[in-house]
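Proteins get letters first, then strands, A, B, ... in listed order; numbering begins at 1 in each. Keep in mind the model is a prediction, meaning the values are calculated, not measured.
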Number of protein chains: 2
Amino acid sequence: MELELIKSKLHESNFRLTQEREVVLTTFMNSGQMLTPAQLHDCVKKEYNSVGLTTVYRLIEVLTKLGLATPFLIDGEIYYTFCSDHHHHHFVCLDCHKVKDIYECLEMTHKYDDVGTVNYHRMDLYGHCKNCERKNINVKSLEP
Amino acid sequence: MELELIKSKLHESNFRLTQEREVVLTTFMNSGQMLTPAQLHDCVKKEYNSVGLTTVYRLIEVLTKLGLATPFLIDGEIYYTFCSDHHHHHFVCLDCHKVKDIYECLEMTHKYDDVGTVNYHRMDLYGHCKNCERKNINVKSLEP
DNA sequence: CATGTTAAAGAAAATCATTTTCTATAATGC
DNA sequence: GCATTATAGAAAATGATTTTCTTTAACATG
């Protein structure tokens, strides 16, 4: 999903498109990984003049409400990943925290309606991406 | 999973079986729902002489490490549900926070190995249990 | 394009969940 | 029993997140 589309989504919901938001949003989208608010703030600082941490928190809140950010709880830390609005699942690399979207879905929502009404579901896969897998093998080969 | 089994699991890992832990554990297991540490603490207070909130936090930490508690992030709040150690998924009622275990699993772990190595996955279904569904219909029927 | 309205930025303070510290106690092994 | 050591609990510390307040800038309107 490209920036322009998100801008119009924000606009629809009466959120203003400030320069700060555009900067944070761009950084967030381009990172391709899950980040804590503080980490996202750090990334923004590296590439642009700093934006306040409060602003980062507030944008994440807005995006989450709009379904454009998804929180992950890993080891007690809350991370967020940018997220298009089409239903999909996530694969998260436990090493580098990169996130890959998985658009296949077995549409199991209706499968479990004996428990009640299922409004939505999420599925998260955790593991190691190919890149980190390779690195880990290299590291292991250095061991005695 | 019954209490005795969990006791032996704690024991295996060199955790002591204190009276406080037994009380909190029993309350946690019997609740059948996801609870914040503070909520669990409140539940314990109602049924038994109070146990310290710190103790509740520490037990949840231990259970999570042993795979006997699962955290859920809902609206920025972290809830925990008691969890047997067999792999399963969860249905969570967004009204009453009751949790139902779903032991069917499509074993999709291997299905996505083009992204890398999948170590584990979780799937959460969110909706409204039959009980709350019924209540909601009754509430609606009272509206003008 | 100028202007009024109002959401948002940012700094600082406040809040609140969670963790740590420290001492007394009780669970476990011998 | 007795020694060892993990745990309970109270209080303090920590640290992430939220709130407050003032200034600024985005947007709609004429």
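OP1 or OP2 of D:dT7 lies within a sub-4.0 Å distance of a side-chain N or O belonging to B:Arg21. For C:dA9, the OP1/OP2 oxygens have no side-chain nitrogen or oxygen of A:Thr54 closer than 4.0 Å.
When rounded to the nearest whole Å, the span between CD of B:Glu20 and P of C:dT25 equals 13 Å. Going from atom CD of B:Glu12 over to atom P of C:dA27 covers 21 Å, rounded to whole Å. For A:Leu73 and C:dT18, the CG to C1' distance is 13 Å, given to the nearest whole Å. Across the protein-nucleic acid pair, B:Tyr57 atom OH and D:dA10 atom C1' stand 16 Å apart, rounded to whole Å. Look at CG on A:Leu63: it is 14 Å from C1' on C:dA8, rounded to the nearest Å. The distance between atom CG of B:Asp75 and atom C1' of C:dA17, rounded to the nearest whole Å, is 16 Å. A:Leu53 places its CG atom 14 Å from the C1' atom of D:dT19, with the value rounded to the nearest Å. In this structure, the CD atom of B:Glu22 is 15 Å from the P atom of D:dT7, given to the nearest Å.
Cation-pi geometry between B:Arg122 and B:Phe72 is satisfied (NZ or CZ under 6.0 Å from the ring centre, within 45° of the ring normal).
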- Message: Before you tell me yes or no, could you show the steps for B:Arg58 and B:Glu61 under salt bridge (charged side-chain N to carboxylate O under 4.0 Å, His left out), namely the whole-Å CA-CA distance, both residues' side-chain angles and the distance that decides it to 0.1 Å?
- Response: CA-CA 5 Å; B:Arg58 283 193 276 231; B:Glu61 187 190 4; over 6 Å; no
- For the pair B:His88 and B:Lys100, evaluate side chain to side chain contact (heavy atoms under 4.5 Å, CB included) and give the outcome as yes or no after the intermediate values. CA-CA 10 Å; B:His88 61 272; B:Lys100 290 187 180 152; over 6 Å; no
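Within the 4.5 Å cutoff, the side chain of B:Ile102 has no heavy atoms near those of the B:Met123 side chain. Residues B:Tyr80 and B:Leu63 fail the side-chain proximity criterion, which asks for heavy atoms closer than 4.5 Å.
In this structure, A:His11 reaches the sugar-phosphate backbone alone: every heavy-atom distance under 4.0 Å involves primed, P, OP1 or OP2 atoms, never a base.
In the set C:dA9, D:dA10, C:dT18, the nucleotide with an atom closest to the side chain of B:Arg58 is D:dA10. The side chain of A:Thr55 lies closest to C:dG10, out of C:dG10, D:dT17, D:dT7. Each of D:dT17, C:dA8, D:dT20 was ranked by its minimum atom distance to the side chain of A:Arg16; first place goes to C:dA8. Each of C:dT28, D:dG9, C:dT19 was ranked by its minimum atom distance to the side chain of B:Leu17; first place goes to C:dT28.
Between B:Thr18 and B:Ile78, the one whose closest nucleotide on DNA chain C sits nearer the 5' end is B:Ile78.
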